[in-house]
Amino acid sequence: MISDITLGQFFPGFSLLHKLDPRTKLITGILFIVAIFLAKTPLAFLALFLFTVAMILVSRISFSVILRGIRPVIYILIFTSILNILMTKGTSVPLVDFWIIEIYREGIVRAVFMTMRVILLIVGSSLLLTYTTSPISLTDGLESLLSPLSKIGIPVHVFSMMMTIALRFIPTLVEETDKIMNAQKSRGADFTSGSIVRRAKALIPLLVPLFVSAFKRAEELAVAMECRCYRVDKKRTKLVKLTFHARDLLSFLVFALFLAGIVLISRMPASMLGGGFIARLLCYRI
Amino acid sequence: MEEKKNLVISAEHLTYVYEDAADAQDAPPAVSDVSFSVEKGEYIAILGHNGSGKSTLAKLCNMILTPTEGRLFILGREVTAEGFSEEDTFDLRAEIGMVFQNPDNQLVATVVEEDVAFGPENLGLPREEIRRRVNGALAAVGMEEYAHHAPHKLSGGQKQRIAIAGILAMKPSVILFDESTSMLDPLGRAEVVSIMERLNREDGITVVHITHYMDEAARASRVIVMNDGRIAFDGTPREVFKNVDQLRALGLEAPQGVELLYELARAGMPHKGDPLTEQECIDALAEMLGGDVCV
């Protein structure tokens, strides 16, 4: 059944992360991403890693779900890591010098850092945003955060209304696609065998009725919305108001402190940890 | 003007020609020279085969379409008058709600209660008032427990009840149902019709129900039959449905019981009076058979 697909992989729940205001999550998400890019040493990455694990535990989302989220980018990560390792030219003696392949320590370090950054980025942002925030509250949060832009003539509300309607109609259109597919299958259409080109061609007769009906729906919806006094240019009120709670303030504090901590850790000299081999390794900067 | 105070809708020689049809030579108007009025608190059914102009009439009443000719008064105000602005249109639309045919294509939000709140939000009402109206409207259609559900997971009848709640939340004095039962299963139809009747009876909301179903029309207090853009019949269901022959000529049928008795009468077995409801038809049959009929 294609109607089983969930959009944005939202997992309903009642954890602290779920309860946070969407605006808090958007802003702290940005803080977290900034922290990822300001992390320069293995020690800072260790801190980021522990913080992310803590967030996963708080969200009560299972680790297998998180791993599944990383899977699609694994090949890209491997590919870019290889490129990083091969293309980075260091200043020291190459570790491997064979034929045209020269591998420097800097290249390996860079590949490892890059991989960790991307993984943390995906896990952190999906934890804060997609996994624990419903699409509709994410839209509300975005609208609220971007609302100052409407003062300079950017139709923020219109975009958010478009998002809402898109989210509302995705399941309806998926259901309809299913219906049209079945109707065509019952008359001998074949969507599953043959070459990719053949299968793509089989989709064209599916798209035409789907588009026609989508336009018809759009027109009917527009009339229905007008009948309910919807006007783009008029000030509307809202049933649900986003409100910040103490927990939102607390999260801001935690994330801001964390960001400051990452910056400090990244600048920490190895001598502060005793200057031994492990200390120098943890504080290694590229 | 004074006598129009308690008329919610009043049309005088109303004509409407679709614009894309107007280019064609001798395009027939969708609604042609129609005059009728609806009193406050009435429960009217509008019948007619496809293309008879009944949906166009509803769209004129809701100011989605502007009449080509004639005069139209909504709640005592002339919509066709000069100087009737867009602002006035929206003011009146809050009073005259419309529920459409396809329940899917009139729900806007991804959560039931937010959809119901859509109308009041557009009116710019304060939050507490919206909350009160949403709860009230959901209770009126018996869908309180679905307040936080996603509309696409509900049945057709339930979606249509949400659509009705969305209109009720705007506190209209008239609701137009434009074939709102035609895409529902029998159970969903029965639910929606009973809500319509209750709204009319208990809350005094004027109901105009455009339908294909004769049994639904028979429950209204007044039936208007449209044909080729004109009004063919206008009267109580009893008056209208006894014209079985003329209705057939318009491509319509009387309710089943009435049809049966009509055929019996033609075959030489006449009955007394003008039975309309199922029970009345059963009683009439019983009398003809000279005894009680068990159903």
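Just so it is clear: chains get the letters A, B, ... in the order the sequence lines come, proteins before strands, and each one is counted from 1.
The shortest heavy-atom contact between A:R168 and B:L107 is NE-O, 3.1 Å. Taking every heavy atom of both residues into account, B:N105 and A:E220 meet most closely at ND2-OE1, 3.1 Å. Nearest heavy-atom pair across A:C229 and B:A94 is SG-N, 3.7 Å. When all heavy atoms of A:Y230 and B:F90 are compared, the closest pair comes out as O-CE2, 3.8 Å. The two residues B:I64 and A:C227 have their closest heavy-atom pair at CD1-SG, 3.4 Å.
Residues A:V223 and B:Q106 have side chains not in contact (no heavy-atom distance under 4.5 Å, counting atoms from C-beta outward). A heavy-atom distance below 4.5 Å is not found between the side chains of B:F100 and A:L221. Using a 4.5 Å heavy-atom cutoff, the side chains of A:T237 and B:I130 are in contact.
Heavy atoms of B:P120 lying under 4.5 Å from chain A belong exclusively to its backbone. Heavy-atom distances place both the backbone and the side chain of B:D115 under 4.5 Å from chain A. Using a 4.5 Å cut-off between heavy atoms, B:V116 touches chain A through its backbone atoms (N, CA, C, O) alone. For B:Q101, no part lies under 4.5 angstrom from a heavy atom of chain A.
Without hydrogens or angle criteria, A:R236 side chain to B:L123 main chain gives no donor-acceptor distance under 3.5 Å. B:N122 contributes a side-chain N or O that, together with a main-chain N or O of A:R228, makes up a donor-acceptor pair within less than 3.5 Å. With B:E121 contributing its side chain and A:L239 its backbone, the two residues share a donor-acceptor pair below 3.5 Å.
Summarising the local packing, CD of B:E129 is surrounded by more than 12 heavy atoms from other residues, nucleotides or ligands at distances under 6.0 Å. Within 6.0 Å of CZ on A:R199 lie more than 12 heavy atoms contributed by other residues, nucleotides or ligands. The environment of A:L253 atom CG is dense: over 12 non-hydrogen atoms of other residues, nucleotides or ligands sit within 6.0 angstrom. Counting heavy-atom neighbours within 6.0 Å of A:F63 CZ, excluding the residue itself, gives a total above 12.
Of the listed residues (B:V134, B:T110, B:D104, B:N62), the one with the most heavy-atom contacts under 4.5 Å to chain A is B:D104. When each of B:H152, B:E128, B:R127, B:R93 is scored by its heavy-atom pairs under 4.5 Å with chain A, the top score falls to B:R127.
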Exercise. Between A:T164 and B:E114, is a side-chain contact (heavy atoms from CB on, under 4.5 Å) present by the stated rule, with each step listed?
Worked result: CA-CA 11 Å; A:T164 309; B:E114 285 188 22; 6.0 Å; no
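In summary, A:R231 and B:E86 do not engage in a salt bridge, as defined by a charged side-chain N under 4.0 Å from a carboxylate O.
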